[in-house]
Amino acid sequence: MIVVCPNCQTQYDLNDQVVEEPNFIARCSRCQHIFTAYRPVRVEEISFIDLAAAKKRNDHGNIVAISNQKGGVAKTSTCLNLGLSLAQQNKRVLLIDFDVQANLTISLGYKETTSFYEALNGGPNSLEKLIIQTKYNHLFLLPSNKNMVLLNKKYFGARNFEFLLKDRLLPIKDRFDFILIDTPPSIEFFTLNALTASHLIVIPSQCDYLSTHGIDQILKLIQLIKAKTNPSIKPRVLITMFDKQSTASKMICNKLKRLYAGLTFDTMIELDARVREAQILSLPVLEYNKESVAGMQYAEVARDIIAQLSGNQ
Ligand SMILES: Nc1ncnc2c1ncn2[C@@H]1O[C@H](COP(=O)(O)OP(=O)(O)OP(=O)(O)O)[C@@H](O)[C@H]1O
Ligand SMILES: [Mg+2]
């Protein structure tokens, strides 16, 4: 297992067979910084998988990017709550935090973790060593950290850089039913890699005046990706933070449904104060409150996605 000192970035490759606790306190022998390290799940520990049965069902290894270059539209909230909803419906789910802000990682209560940066700098199978088993059944996380910013500098524009995530996922993707990727509000290294690796793009969109502009931009990008790196990618628009008390919200929602007919999820995610409250406690909203309207709507979207992607491979 790879542990990185968050202070001086020194990497340690520890024998993970001797660490049994899910997390432990470590001291960097170089700079003496003390930090919490997380023991990654060993892939052979994902024992609830019946790979042969999953292969027959043909519904494993579905990769879903949550993407919109517009900021604050609920990408991270969607990734977290959709991920937990899928896990609660007995799907094995890997969440990938592909944003330097590390909001998904923080929302699950982790900090100072390793990230895809360390996976790229390690050997070809190093990604599996960095996956953390969260406290929720069937829910795993590949976290993010501030080193991720270096990937954009190092690889953006390099030959075939869009395939780096897809290549690294290849040896492990069939061990999960769903892999959900949270992307940043920009189109660079991370978003292009996520779109290249995915079968489905969920585009969260708020009911505000400029939302159609954001959707149009990402749909144009998807057309380019289709032509260049991923011909089978499919987009779907998810209306988020819908305020049923607001006339403007209803008008824009109707416009979105008309403009993107056939692409929009029937279920919308309503504005729900419990989403923010849950975030303060580092909890998915359904864990915070089972009666949460937004939480139940995410569960409905999860059922829709399972139905859409079953037999996709
Ligand atoms: N259904 C909801 N009801 C109320 N608040 C919500 C809802 N969904 C998300 N939020 C809040 O909106 C804010 C933005 O959400 P989030 O961080 O998920 O957006 P994002 O698109 O990932 O942002 P960024 O572009 O910065 O990555 C957060 O404070 C979150 O708690
Ligand atoms: Mg986010």
Side-chain angles (χ1 to χ4, degrees), residues 64-85 95-111 113 115-116 141-146 148-149 152 180-195 198 201-208 210-211 213-215 217-218 221 235-246 248-250 252-253 256 264-265 267-302:
V64 182
I66 319 293
S67 204
N68 189 336
Q69 72 279 27
K70 206 161 176 292
V73 293
K75 293 181 288 296
T76 304
S77 307
T78 298
C79 195
L80 175 64
N81 292 304
L82 197 54
L84 184 76
S85 295
L95 302 180
I96 299 182
D97 190 344
F98 226 41
D99 185 351
V100 182
Q101 300 180 89
N103 287 346
L104 180 62
T105 304
I106 296 163
S107 298
L108 277 163
Y110 297 98
K111 55 181 182 177
T113 56
S115 70
F116 186 68
L141 171 71
L142 176 64
S144 170
N145 64 18
K146 59 185 181 214
M148 296 271 280
V149 77
N152 211 25
L180 266 51
I181 312 169
D182 185 28
T183 64
S186 59
I187 302 167
E188 288 179 292
F189 174 89
F190 299 105
T191 299
L192 293 175
N193 263 276
L195 299 192
S198 298
I201 312 298
V202 172
I203 308 170
S205 186
Q206 254 176 297
C207 287
D208 67 18
L210 291 173
S211 54
H213 182 65
I215 299 174
Q217 270 191 303
I218 191 112
L221 177 67
R236 284 188 81 184
V237 175
L238 177 65
I239 295 172
T240 56
M241 296 189 247
F242 173 66
D243 181 359
K244 60 181 181 192
Q245 311 293 342
S246 149
S249 204
K250 281 186 212 153
I252 293 166
C253 166
L256 292 180
T264 317
F265 283 98
T267 306
M268 296 181 287
I269 309 299
E270 283 179 32
L271 197 63
D272 180 350
R274 284 165 178 165
V275 175
R276 279 177 205 269
E277 292 161 17
Q279 202 179 25
I280 295 167
L281 300 173
S282 295
L283 290 173
V285 69
L286 269 180
E287 276 297 308
Y288 172 64
N289 189 320
K290 288 195 177 17
E291 310 285 298
S292 146
V293 173
M296 288 191 278
Q297 287 163 338
Y298 275 117
E300 194 53 46
V301 174

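All ligand and atom numbering here is 1-based and tracks the order in the structure. The first residue in the sequence is number 1, and the count goes up from there.
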Could you walk me through whether L84 and E287 satisfy the side chain to side chain contact (heavy atoms under 4.5 Å, CB included) test, starting with their C-alpha distance in whole Å, then the side-chain angles of each, then the deciding distance to 0.1 Å, before giving a yes or no? CA-CA 9 Å; L84 184 76; E287 276 297 308; 3.8 Å; yes
Sub-4.0 Å atoms of ligand 1 with respect to non-hydrogen atoms of G71: 25 (O)
contact_flag R274 ligand 1 heavy-atom lt 4.0 Å: no
To which protein heavy atom is atom 23 (O) of ligand 1 closest, and what is the distance rounded to 0.1 Å? G72 N, 3.1 Å
Atom 17 (O) of ligand 1 [closest protein heavy-atom partner, distance rounded to 0.1 Å]: T76 CB, 4.1 Å
Can you tell which of K70, K75, M241 makes a side-chain contact (heavy atoms from CB on, under 4.5 Å) with P204? K75
Only one of L80, N81, T267 clears side-chain contact (heavy atoms from CB on, under 4.5 Å) with Y298; which? N81
What is the closest protein heavy atom to atom 15 (O) of ligand 1, and at what distance does it sit? S77 OG, 3.7 Å
Pick whichever of K70, M241, Q69 has a heavy atom sitting closest to atom 10 (N) of ligand 1. M241
Among all protein heavy atoms, pick the one closest to atom 5 (N) of ligand 1 and tell me residue, atom and distance. R276 NE, 3.6 Å
Give the numbers and elements of all ligand 1 atoms closer than 4.0 Å to a heavy atom of V73. 19 (O), 20 (P), 21 (O)
Do you know which of N68, L271, V275, T78 makes side-chain contact (heavy atoms from CB on, under 4.5 Å) with T240? T78
When every non-hydrogen atom of L286 is compared with those of S85, the smallest separation belongs to CD1-OG, 3.8 Å
What atoms of ligand 1 come within less than 4.0 Å of a heavy atom belonging to Q279? 28 (C), 29 (O), 30 (C), 31 (O)
Quick one: which ligand 1 atoms are inside 4.0 Å of a heavy atom on E270? 1 (N), 2 (C), 3 (N)
Residue, atom name and distance, where the atom is the protein heavy atom closest to atom 3 (N) of ligand 1: D272 N, 2.9 Å
Taking only heavy atoms of Q101 into account, list the atoms of ligand 1 that are under 4.0 Å away from them. 24 (P), 26 (O), 27 (O)
Measure the distance from atom 25 (O) of ligand 1 to every protein heavy atom, then report the residue, atom name and distance (to 0.1 Å) of the closest one. K75 NZ, 2.8 Å
How long is the straight-line distance from OG of S205 back to CD1 of I269, given to the nearest 0.5 Å? 12.5 Å
Look at atom 19 (O) of ligand 1 and say which protein heavy atom is nearest, naming residue and atom and giving the distance to 0.1 Å. A74 N, 3.1 Å
Between the side chains of D243 and S249, does any donor sit under 3.5 Å from an acceptor? no
Ignoring hydrogens and angles, state whether a donor on the side chain of D99 or S144 is under 3.5 Å from an acceptor on the partner side chain. no
Compute the shortest N/O to N/O distance between Y298 and ligand 1 and return yes if it is under 3.5 Å, no if not. no
Sole residue of T183, N152, N193 in side-chain contact (heavy atoms from CB on, under 4.5 Å) with E188: N152
Near the Mg ion (ligand 2), is there an N/O/S atom from T76 that is less than 2.8 Å away? yes
Which pair of heavy atoms, one from P235 and one from I203, lies closest together, and at what distance? CB-CD1, 4.1 Å
Just which atoms of ligand 1 are under 4.0 Å from any heavy atom in L271? 3 (N), 4 (C)
Ligand-side contact atoms (ligand 1) for residue partner I269, heavy atom cut-off under 4.0 Å: 1 (N)
Which distance, rounded to the nearest 0.5 Å, do you find between the NZ of K250 and the SG of C207? 11.5 Å
